[in-house]
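Whatever order the structure lists ligands and atoms in, that order sets their numbers, starting from 1. Values in this document were obtained by computation on a predicted structure and should not be read as measured data.
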Amino acid sequence: MRRKETHFLAVHFFSYVDGSLRCEGVELNKIADEFGTPAYVYSAGTIRENYRRLDQALAPLDHLVCYAVKANSNIAVLNLLAKIGSGFDIVSGGELFRVLKAGGRADRCTFAGVGKTREEIAYALREGVYSFNVESEGELERINDVAGELGLKAPVAIRVNPDVDAKTHKFISTGKSKNKFGIGIDRALEVYKVAAALPHLKIRGVQTHIGSQILESGPFAEAASKLASLVTELKACYDIEFFDFGGGIGIVYDEALSSGSPDWWSHGDQARRMTPEDYAAAIIPALKPLGLRILFEPGRFLVGNAGALLSTVQYVKQTPAKTFTIVDAAMNDLIRPALYEGWHEIVPLQQTKEQSITMDVVGPVCESGDFFAQDRGIPPLAPGERVAILSSGAYGFVMSSNYNSRPLLPEILVDGDKVHLARSRQTMDDLIRGELLP
Ligand SMILES: *Cc1c(COP(=O)(O)O)cnc(C)c1O
C-alpha cells in the first residue's frame with residue numbers, strides 16, 4: 001500500500017500512482033474492468049485508520065464507539081468494524097439482523113429511532129441489546145409493554161434534545177427544539193420519572209445526537225456542557241451507567257484529492273476543519289468528570305471518506321448554455337447531491353494535465369435533480385473515460401434505490417492489495433423479484 005507519510009495522519013487511501021488512481025494497493029481501473037461500472041469501492045484501511053484515530057483521541061474517557069450502521073450497512077463493513085472492537089448504533093430490526101449476521105454483538109448495540117415497532121422492540125429485547133435510546137413517552141410505554149409480555153426488563157436511555165444549533169444542513173440537524181427527535185431538555189427530568197415508574201424498564205443511560213456533518217467543535221462543546229449538568233442530576237437519582245453523546249462528526253468533501261495531499265485536514269480553510277482531536281478536546285472537559293461510560297455513534301466519520309463511486313462517461317452533450325457530461329451512475333445510486341445539496345469531488349481514474357472546463361456531471365435518470373456536479377471546473381472527459389465520485393462511503397449505497405429500474409450496484413471492499421466483492425450487482429431478475437402478474 002502506497003501512502004504518503006506526513007506528520008498528520010491520512011484519512012483516506014485513494015491516490016494516484018503513475019497517473020492511475022488507486023484505492024490502497026489496487027488500481028481502480030482493474031476493479032472497473034472486473035466488476036463493471038457503476039460500482040462502489042470501499043477502503044478497509046481508511047475505515048480502520050479513522051476508527052483508530054477517533055478511538056485514540058477519546059482514550060481519556062471510558063468509552064465505546066458504536067458505529068452508526070445506517071451510514072453504510074454492508075455486512076463486510078460491519079464485520080470489519082466488529083473485528084476491531086466497534087459496537088453499533090442501529091435504527092431498525094433490519095440493521096440488528098445485519099449486525100448479528102456480520103458477527104457483531106447485540107450487547108454492544110444501541111437501538112435508536114423515533115418509530116420502533118412492537119416487532120422490532122421484541123426482536124431487540126430477545127437478542128439482548130445494550131440500550132433502547134427512547135425518543136418519546138409513547139415509546140417508553142410500548143417498550144415497557146413488550147418487555148412485560150416477554151418477561152424481560154428493557155434497558156433504556158432517553159434521548160435528550162439540548163436545543164443547540166449544529167450549524168449544518170437543515171435536513172440533517174436534529175438537536176434543535178423544533179426537530180422531531182428526542183425529549184426537550186426542559187422536560188427530561190419529568191420523563192425520567194415516568195420511565196422509573198414503569199416496572200419492565202431499567203434506566204441505563206442518557207443519550208443525545210445533535211445532527212450530522214458538523215464541521216466545528218462549538219456545537220459539540222455546547223451540547224456536552226448543557227447535558228453534563230442534567231446527567232449529573234440524573235445520576236443522583238437513578239442507576240445511570242452511560243452517557244451516549246451521539247455522532248455527527250463531519251468530514252471533508254472538497255479538495256480531497258485535487259489538493260495533492262492525502263491528508264484532508266491539513267490544508268484549505270482550517271477554521272472549518274475539525275479534527276478528531278479537536279472534537280475530543282472540546283468535549284472531554286465536560287464529559288470526563290461525569291465518571292460514566294461515554295458512548296459515541298459516528299457514522300459518516302468512519303466510512304464517508306473510505307468510499308468512491310466509480311462511473312463511466314457515456315456521452316458529452318453540448319447545449320448553448322452548458323456542457324453536460326453524462327455518466328452511468330445516477331441519483332438512484334448516490335442521492336446526496338439531490339437530497340442535501342451534497343458536494344462530491346469527481347476525478348478521472350486516469351490522471352490528466354488538461355485544463356479544466358466548466359461542466360455539469362449528470363446521470364441518466366429522468367429528473368433534473370439527477371446531477372453530481374453543476375457548473376464545476378473539471379478536466380474534459382470523453383465517452384468511455386472513467387471517473388471516481390469521492391467520499392461516497394457514507395449515505396451512498398444505503399440510500400440507493402431501483403428508481404428507473406436500475407439494478408443496485410456492486411460494493412467492493414479493498415484491503416491492501418486484496419479485492420473482496422462485498423455485494424454483487426443486481427440482475428434484471430432481481431429487479432422484479434417478488435412481483436406478481438395478475
Ligand atoms: C444518523 C445518526 C448517527 C450518525 O450520524 P453521523 O453524522 O453519520 O455520524 C448517530 N446517532 C444517531 C441517533 C443517528 O440518527
Query - Face-on cation placement of Arg336 at Tyr253 ring, 6.0 Å and 45° thresholds - result: yes
Requested in this report: Find out whether the Lys NZ or Arg CZ of Arg142 is both under 6.0 angstrom from the six-membered ring centre of Phe132 and within 45° of the ring's axis.
Outcome: no
**Report entry** Passing candidate, side chain to side chain contact (heavy atoms under 4.5 Å, CB included) with Leu28, options Val387, Val414, Leu310, Ile412
**Finding:**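 Going through Val387, Val414, Leu310, Ile412 one by one, the side chain to side chain contact (heavy atoms under 4.5 Å, CB included) with Leu28 is satisfied by Leu310 alone.
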Report task. Could you tell me whether ligand 1 has any atom less than 4.0 Å away from a heavy atom of Ala394? Result ->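 Outside the 4.0 Å threshold, so no.
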Query raised in the report: Does Pro298 come within less than 4.0 angstrom of ligand 1, counting non-hydrogen atoms of the residue?
Result: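 For ligand 1, residue contact (heavy atoms, under 4.0 Å) with Pro298 is present.
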Query raised in the report: Do other residues, nucleotides or ligands put more than 12 heavy atoms under 6.0 Å from Lys153 NZ?
Result: yes
Requested in this report: Could you find the nearest protein heavy atom to atom 14 (C) of ligand 1 and give me its residue, atom name and distance?
Outcome: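 Its nearest protein heavy-atom neighbour is Lys70 NZ, 2.8 Å.
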Query raised in the report: Which protein heavy atom lies closest to atom 11 (N) of ligand 1, and at what distance to 0.1 Å?
Result: Glu297 OE1, 2.6 Å
For [X], the ligand 1 atoms whose distance to one of its heavy atoms is below 4.0 Å:
{"X": "Gly247", "value": "9 (O), 10 (C)"}
{"X": "Ser212", "value": "6 (P), 7 (O), 8 (O)"}
{"X": "Arg159", "value": "13 (C)"}
{"X": "Arg300", "value": "6 (P), 8 (O), 9 (O)"}
{"X": "Ala68", "value": "3 (C), 4 (C), 10 (C)"}

Query raised in the report: Are Ser400 and Asp333 close enough that a side-chain donor and a side-chain acceptor fall under 3.5 Å?
Result: no
Report task. Working to the nearest 0.5 Å, report the span between CH2 of Trp343 and CG of Leu390. Result -> 9.0 Å
Query raised in the report: With a 6.0 Å cut-off on ring centres, are Tyr130 and Phe242 close enough?
Result: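 Judged by ring-centre distance (under 6.0 Å), Tyr130 and Phe242 do meet the cut-off.
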Query - Contact check: Gly248 vs ligand 1, nitrogen or oxygen atoms, below 3.5 angstrom - result: yes
Under 4.0 Å from ligand 1, counting heavy atoms only, is it the side chain of [X], its backbone, both or neither?
{"X": "Tyr395", "result": "side chain"}
{"X": "Asp89", "result": "side chain"}
{"X": "His209", "result": "side chain"}

